[in-house]
Number of protein chains: 2
Amino acid sequence: MARAEKRPVTVQTIAKHVGVSAAAVSTVLSNRHEERRLAPATVERIRQAVRELGYVPNVAARRLRAHDPDVHSMDLGILTTFEAPLFLVSRALEEVQRSVDARSAPDRRFSISIDMFHAGRLRDMPGLLNASRFNGVIITNTLPEDDAFLRSTTLPYAVVVQGRRLPNYCCVLETPGEGGRRAAEILVGGSRRRLVVLTPTLLTETTADRRDAFVAAVRAQTGREPVHVAADFTPASAAEAIRAHLAKDPRCDGLFAVTDTLALGALHALKSAGRRVPQDVAVVGVGDHEHADFFDPPLTCVGPAYDQVVAEIVSLLFNLMSRRRVRPVEVFVAPTVTLRAST
Amino acid sequence: MARAEKRPVTVQTIAKHVGVSAAAVSTVLSNRHEERRLAPATVERIRQAVRELGYVPNVAARRLRAHDPDVHSMDLGILTTFEAPLFLVSRALEEVQRSVDARSAPDRRFSISIDMFHAGRLRDMPGLLNASRFNGVIITNTLPEDDAFLRSTTLPYAVVVQGRRLPNYCCVLETPGEGGRRAAEILVGGSRRRLVVLTPTLLTETTADRRDAFVAAVRAQTGREPVHVAADFTPASAAEAIRAHLAKDPRCDGLFAVTDTLALGALHALKSAGRRVPQDVAVVGVGDHEHADFFDPPLTCVGPAYDQVVAEIVSLLFNLMSRRRVRPVEVFVAPTVTLRAST
DNA sequence: AAAAAGAGCTAAATCGATTTAGGCGCAAGT
DNA sequence: ACTTGCGCCTAAATCGATTTAGCTCTTTTT
């Protein structure tokens with residue numbers, strides 16, 4: 001059943017198979033056979049062959065052909081992993097969209113798409129290396145393997161990396177060490193002593209930095225070591241992990257979650273274990289969830305000012321594309337502290 | 001400052017400008033000038049021109065050229081609006097990804113991207129009409145204008161529409177009328193009489209159907225009319241709207257939100273107005289938020305079984321692409337009821 | 001002085017689909 | 001009989017970038 005020709009089926013293939021020209025095939029494919037007066041019998045034979053041979057149009061060829069030389073068009077991509085929650089790119093998307101709407105004109109059109117790769121497999125994304133897909137990209141949520149790949153090759157087009165420091169690219173990230181330190185300040189300053197830091201099992205540079213800075217700050221300020229708890233990216237998994245931890249350490253009184261999705265699960269586990277937040281356990285997140293202020297209780301966050309991060313990213317991206325900037329830079333955005341009811 | 005050539009800058013333009021061949025320009029652009037022994041001075045002149053003229057590579061041309069004839073590649077798109085929350089497409093994305101991973105092979109590669117349009121402006125999306133972007137698409141979150149556009153033209157490739165009934169496309173949607181009816185049943189059956197239905201201001205076919213069916217069912221069962229409350233797509237806006245409504249109708253005791261994001265805002269407003277959920281006010285959502293079971297209290301939902309919806313969509317999409325299916329069909333997925341603590 | 005090596009560049013083919021201009025036969029009109 | 005028109009189809013150009021084979025001129029080697 002599985003048809004496995006070595007060469008793909010093109011209009012030429014079909015044309016040869018039917019015994020007509022490629023033009024005739026194309027005419028049928030675009031449903032122009034009436035106005036171009038192809039004989040119904042020929043149309044039918046072509047249709048038949050199209051079906052039989054399993055023709056798949058080459059979109060790149062169509063696009064090239066359809067290209068209107070009077071319209072500049074630029075393809076922007078936001079690259080993230082399948083594994084990371086999609087809402088993480090929402091803000092970047094909105095800001096890019098705003099910029100793009102402002103820069104669009106009849107002779108200048110942008111298109112933005114979100115493209116995903118499997119965590120750690122960025123290198124497998126088609127078109128990345130040969131620059132055949134995007135005029136500019138924002139890369140985010142990479143794992144260390146992806147970072148290593150990026151470090152090893154310099155992509156020959158506009159690239160802005162979020163949340164990593166890579167010497168050969170423009171990078172925008174929160175000031176290293178700050179987030180974790182401020183979280184520790186809040187919890188320790190609130191007299192919490194039995195602390196937990198909750199992270200995903202797969203750590204990115206950002207999440208690892210938050211954890212490490214938190215641990216270091218807590219150690220420095222209290223002489224005690226926070227307990228690491230790891231979970232998947234889902235709240236359900238975080239809830240389960242925290243539930244297990246509470247069984248082992250019932251007196252725990254403060255928690256720092258390095259992503260808000262984890263904090264959401266933690267809040268749930270705490271409440272269903274009968275702990276009051278913040279009276280019994282204080283919880284700090286990072287503000288990467290668009291609805292952190294609608295959690296119950298609303299989540300205190302220590303994290304980068306996303307609007308600023310995104311504004312920097314977009315500004316760098318457009319400068320790179322217009323070649324106003326050619327050297328890589330690192331832009332640090334200081335974390336902001338949003339105190340809400342969870343502490 | 002603004003450079004506004006009529007014709008776009010191509011490698012040819014640059015070549016002519018510098019007085020070399022297009023091949024030389026291309027060589028420089030791909031950083032192959034060392035191995036191909038271009039004179040450093042020439043390289044510099046070309047680089048200069050590239051910068052001066054504001055060259056932007058044509059990705060379609062690059063892709064066509066880079067195309068490996070031994071690899072079939074298919075481009076899939078998930079089309080949604082900028083205005084709708086991104087997480088709404090998460091599940092579709094995951095399922096498509098699973099299917100694609102299962103069907104990928106060394107000689108068969110898929111790429112999936114999420115592309116967005118402004119609500120009501122689907123027609124403006126480049127490459128939709130001339131089929132120059134995707135081999136197959138899933139279209140969702142359309143407004144009535146978009147539906148009208150789709151109805152008026154039959155896109156010449158694999159299209160599956162979610163949540164709408166369009167005679168010329170394959171459509172997958174929840175059984176019309178069912179969701180609203182079941183929500184009414186739950187609230188009325190729980191002896192709630194002063195009911196509210198909370199919707200976005202911009203109604204899609206799906207959200208309008210949920211509202212209308214709810215209103216009709218409540219009217220039939222109680223003889224009373226639920227109150228309409230409308231808000232933006234955000235929880236903040238929903239909270240504000242509900243707060244205002246509570247001021248006018250303090251005795252309201254049941255609420256149906258046609259999207260979970262709105263429910264999230266409503267829960268917040270209710271709690272901060274001192275109402276207990278579900279004792280004072282029962283709340284029903286639709287289960288379109290991935291974390292509805294982590295809301296506080298966890299949200300009772302009446303909505304389509306998303307896994308099933310998505311499975312149907314993906315199956316239709318692949319059947320369309322392989323031409324195993326050629327006629328449009330409508331697939332209805334019955335809503336499921338998930339009772340949680342909010343009722 | 002002739003041949004070989006190398007430096008520096010170009011012409012032309014190619015990727016796949018589409019469109020434009022036009023060709024060939026045959027029937028109808030004058 | 002000769003044009004006109006139509007029905008049906010094709011050759012060739014085109015979109016833009018890249019690569020391959022090869023050309024020309026200079027320098028070095030024998």
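None of these values were measured; they are calculated from a predicted model. Each chain gets a letter, A, B and so on, in the order the sequences are listed, and its residues count up from 1.
Whole-Å rounding puts the A:Leu129 CG to D:dT18 P distance at 14 Å. Atom CG in B:Asn58 sits about 17 Å away from atom P in C:dA17, given to the nearest Å. When the C1' atom of C:dG16 is taken as reference, atom CZ of A:Arg65 falls 11 Å away, rounded to whole Å. For the pair A:Ile14 CD1 and C:dA17 P, the interatomic distance rounds to 8 Å; values are reported in whole Å. Across the protein-nucleic acid pair, B:Arg62 atom CZ and D:dT19 atom P stand 10 Å apart, rounded to whole Å. Taking atom CZ on A:Arg36 and atom P on D:dC9, their separation rounds to 14 Å, with Å as the unit. In this entry the distance linking CD1 of A:Ile46 with P of C:dA17 reads 14 Å, nearest Å. Atom-to-atom, CG of B:Asn130 to P of C:dT18 comes out at 9 Å; the value is rounded to the nearest Å.
There is a side-chain donor-acceptor pair under 3.5 Å between B:Arg133 and A:Ser111. Remark: the A:Arg36 side chain and the A:Thr27 side chain contain an N/O donor-acceptor pair separated by less than 3.5 Å.
One finds a salt bridge joining B:Arg165 and B:Glu330 here, because a Lys/Arg side-chain nitrogen approaches an Asp/Glu carboxylate oxygen to under 4.0 Å. B:Arg121 and B:Asp124 are joined by a salt bridge, as a carboxylate oxygen and a charged side-chain nitrogen come within less than 4.0 angstrom of each other. Ionic pairing of A:Arg151 and A:Asp146 is not present here: no N-O contact between side-chain nitrogen and carboxylate oxygen is shorter than 4.0 angstrom.
Of the candidate nucleotides D:dA17, C:dT10, C:dG16, C:dT10 has the atom lying nearest to any side-chain atom of B:Val20. You'll find that the side chain of B:Ala39 is closest to C:dG8, out of D:dT10, C:dA17, C:dG8. When each of D:dT20, C:dC9, C:dC15 is scored by its nearest atom to the side-chain atoms of B:His67, the top-ranked nucleotide is C:dC15. Here the nucleotide nearest the side chain of A:Pro8, chosen from C:dC9, D:dT18, C:dG16, is C:dG16.
Interface residues of residues 23-30 of chain A facing DNA chain C, ordered by number: A:Ala23, A:Ser26; criterion, heavy-atom separation under 4.0 Å.
The residue B:Thr42 sits close only to the backbone: its heavy atoms come under 4.0 Å of sugar-phosphate atoms, none of a base.
When the side-chain nitrogen and oxygen atoms of A:Thr10 are compared with OP1 and OP2 of C:dG16, none of them lie within a distance under 4.0 Å.
Ring planes of A:His118 and A:Phe82: tilted class, angle from 30 to 60°.
Side-chain contact between B:Glu52 and B:Gln48 is present, with at least one heavy-atom pair separated by less than 4.5 Å.
Nucleotides of DNA chain C nearest to A:Gln12 and B:Val43 differ in position, and the one nearer the 5' end is that of B:Val43.
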